[in-house]
Structures are given as structure tokens and as C-alpha cells.
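The next block holds one structure in the form of C-alpha cells; read it before the comments.
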Amino acid sequence: MKVLVGVKRVVDYNVKVRVKSDGTGVDTTNVKMSMNPFDEIAVEEAVRLKEAGVVSEVVAVSCGVAQAQETLRTALAIGADRAVLIESSEDLQPLAVAKLLKALVDKEQPSLVLLGKQAIDNDSNQTGQMLAALASLPQATFASKVVVAEGKATVSREVDGGAETLSLTLPAVVTTDLRLNEPRYVTLPNIMKAKKKPLETIRPEDLGVDVAPRLKTLKVAEPPKRSAGVTVPDVKTLVEKLKTEAKVL
Ligand code: AMP
């Protein structure tokens with residue numbers, strides 16, 4: 001059984017992002033980039049399924065610029081067997097990524113596609129759902145537990161007020177939530193081993209996919225700065241200010 005895992009190269013979650021002065025987007029020059037944290041969880045889950053003997057091959061895929069190879073090498077160091085880079089310098093929006101992944105699903109025929117629930121750069125939370133729709137596959141989003149057996153995936157997902165358990169017939173798309181697992185640290189020997197694992201590069205044209213953006217970003221702006229607070233002498237003044245200044249009472 002083969003698992004396909006989507007990994008996106010994003011600004012590292014520790015970096016405080018800066019908006020470009022012309023308001024067209026986020027400045028990524030000289031900024032540390034890493035694997036999207038939810039995708040690390042997806043790779044970890046796929047590798048655990050392989051270690052448990054449920055899965056025979058883990059294929060990592062990234063769509064984006066040539067530097068996404070580094071992200072794929074990290075996936076290989078965690079334990080993926082091989083990687084595919086769908087190289088494009090276009091601004092790849094979720095629909096374009098979903099179409100590329102659909103084309104790769106047709107080619108690779110995986111039994112399970114594991115993606116993150118969202119990319120922390122655009123917070124879209126769309127790709128898994130769009131892929132499932134385009135490929136006519138069952139989907140379970142925000143997975144906090146995945147059990148694969150006898151051609152089915154049993155997925156627990158956190159919902160308001162409790163946990164929901166779904167049974168999906170494979171092949172299926174599952175997106176990962178934070179509580180699914182804790183990804184391992186990549187060790188130096190595994191980083192060295194990952195350098196020798198196969199990494200294939202293809203282009204959207206090879207898959208016959210048009211990745212032209214469909215959405216136009218009008219403006220990106222920093223959130224307004226918080227103004228300094230004031231200390232009030234007593235509750236009476238506080239209530240007064242809430243009524244007359246904040247107008248929340
Ligand atoms: P999004 O819908 O953009 O929030 O992304 C959800 C998930 O889709 C991510 O966590 C990844 O697993 C996958 N994904 C999104 N963009 C890419 C990409 N460029 N390359 C590979 N996987 C991606």
C-alpha cells in the first residue's frame with residue numbers, strides 16, 4: 001500500500017513575518033523557511049504506518065519553487081522513501097495545488113493521501129477538500145487518530161463538544177490536526193541517508209495542469225498596533241469608561 005504525503009515549504013513558524021512595504025504580500029527575502037508543521041505530522045503518520053507494516057511506500061510531494069527540494073529532503077529524512085517536486089515559480093493557490101495532486105494521484109494510485117489541515121502561510125484549509133472533490137475520493141479532515149486496516153481508514157476528528165469517528169473506504173484523503181502525533185527529530189545519519197533517496201522533478205505542464213492563479217490579492221496589511229492601556233483608580237471609573245469611551249456597556 002502506497003501513501004502520498006503533501007509537504008509545503010512555508011515561512012518557519014518561529015519567524016515574525018513582515019509585510020512588504022508596497023502591501024503586495026509577505027517579505028520572504030532572507031527568511032527561514034521550513035516544512036509546514038501540519039505536513040510534518042502527515043509525514044510522521046505515514047512513516048509510522050510504514051514502520052507498523054501497514055504501508056509499503058511513502059511518497060512525499062511538494063509543489064513550488066526549486067528550493068522546496070530542501071523540504072522534500074526533510075520528509076525523506078523523517079522516513080519517506082522517495083519524493084516528487086512539481087516545480088513552478090507561479091504563485092500556487094490551493095485549487096492549482098489540488099489539481100496537481102489530483103494528476104499525481106492518477107499517476108501514482110496511492111491508497112491514502114495525507115495532507116496537513118492547513119498551510120500556516122495562507123491559512124486556506126482548502127487543498128485536501130478540493131483534492132478529494134476533484135479525485136472523487138472520500139475525505140476526513142482534522143484527523144486526531146488514524147487506523148488503517150482491511151482497506152479502510154478509521155479516523156477520529158475533534159468536533160465541537162467531542163470526537164467524531166469516521167470510517168472511509170480506501171483510497172481516501174485525510175488531513176492532519178495537531179494532536180495526531182508528535183513528529184520525531186530528524187537525526188544527522190537520517191539526513192545523510194535522505195541525500196541518496198530518489199527525488200524526481202516534474203513540471204505542471206508534464207501533468208497537463210494549468211496553475212494560473214484564479215484569485216487576486218488586493219492588499220496585505222499588518223494588524224493594527226495595540227494602543228497602550230490605562231490604569232483606572234476604581235471600579236466606578238472603569239464602568240464609566242466602558243460606558244462612555246469603549247461603549248461596550
Ligand atoms: P492549504 O489548503 O493551503 O491550507 O493547505 C493544506 C495542505 O495542503 C497543506 O498542509 C499541505 O499538506 C497541502 N499543500 C498545500 N500547498 C501545497 C504545496 N504547494 N505543495 C505540497 N502540498 C501542499
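Order of appearance sets the numbers: ligands from 1, and atoms from 1 within every ligand.
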Quiz item: How long is the gap from NZ on Lys145 to CG on Leu180, to the nearest 0.5 Å?
Solution: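 Rounded to the nearest 0.5 Å, the NZ-CG separation comes out at 10.5 Å.
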Exercise. Counting heavy atoms only, name the option from Asn125, Leu100, Val7 that's nearest to atom 21 (C) of ligand 1.
Key: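 Heavy atom nearest to atom 21 (C) of ligand 1 belongs to Val7.
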For [atom], what is the nearest protein heavy atom, given as residue, atom name and distance?
| atom | result |
| --- | --- |
| atom 16 (N) of ligand 1 | Lys8 CD, 3.4 Å |
| atom 19 (N) of ligand 1 | Cys63 O, 2.8 Å |
| atom 8 (O) of ligand 1 | Thr127 CB, 3.3 Å |
| atom 6 (C) of ligand 1 | Gly116 O, 3.5 Å |

Side chains of [X] and [Y] only: does a donor on one sit below 3.5 Å from an acceptor on the other?
| X | Y | answer |
| --- | --- | --- |
| Asn181 | Glu44 | no |
| Gln129 | Asn125 | yes |
| Arg9 | Ser62 | no |

Atoms in ligand 1 with a heavy atom of [X] nearer than 4.0 Å:
| X | value |
| --- | --- |
| Asn122 | 3 (O), 4 (O) |
| Val61 | 21 (C) |
| Asn36 | 9 (C), 10 (O) |
| Ser124 | 1 (P), 2 (O), 3 (O), 4 (O) |

Quiz prompt | Residue portion contacting ligand 1 (non-hydrogen atoms closer than 4.0 Å) for Val5 | solution = neither
Exercise. Heavy-atom distances under 4.0 Å are what count here, so tell me which part of Val97 touches ligand 1: side chain, backbone, both or neither.
Key: side chain
Exercise. Look at atom NZ of Lys20 and say whether more than 12 heavy atoms of other residues, nucleotides or ligands are closer to it than 6.0 Å.
Key: yes
Quiz item: In this structure, are over 12 heavy atoms from other groups packed under 6.0 Å from Glu182 atom CD?
Solution: no
Quiz prompt | Co-members of the apolar cluster containing Ile86 [side chain, <4.5 Å] | solution = Leu4, Val59, Val61, Val84, Leu92, Val97, Leu100, Leu101, Leu104, Val105, Val113, Leu115, Leu131, Leu137, Val173, Ile202, Leu207, Val209, Val211
Quiz prompt | Hydrophobic cluster of Val232, others only, ordered by chain and residue number, side-chain cut-off 4.5 Å | solution =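 Joined to Val232, directly or through intermediates: Val235, Leu238, Val239, Leu242, Val248, Leu249.
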Quiz item: Do ligand 1 and Gly64 have nitrogen or oxygen atoms that lie under 3.5 Å from each other?
Solution: no
Practice problem: Determine whether any heavy atom of Asp39 lies closer than 4.0 Å to an atom of ligand 1. | Solution: yes
Quiz item: Can you name the nearest heavy-atom pair linking Leu114 to Ala42, along with the distance?
Solution: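 Nearest heavy atoms, Leu114 then Ala42: CD1-O, 3.5 Å.
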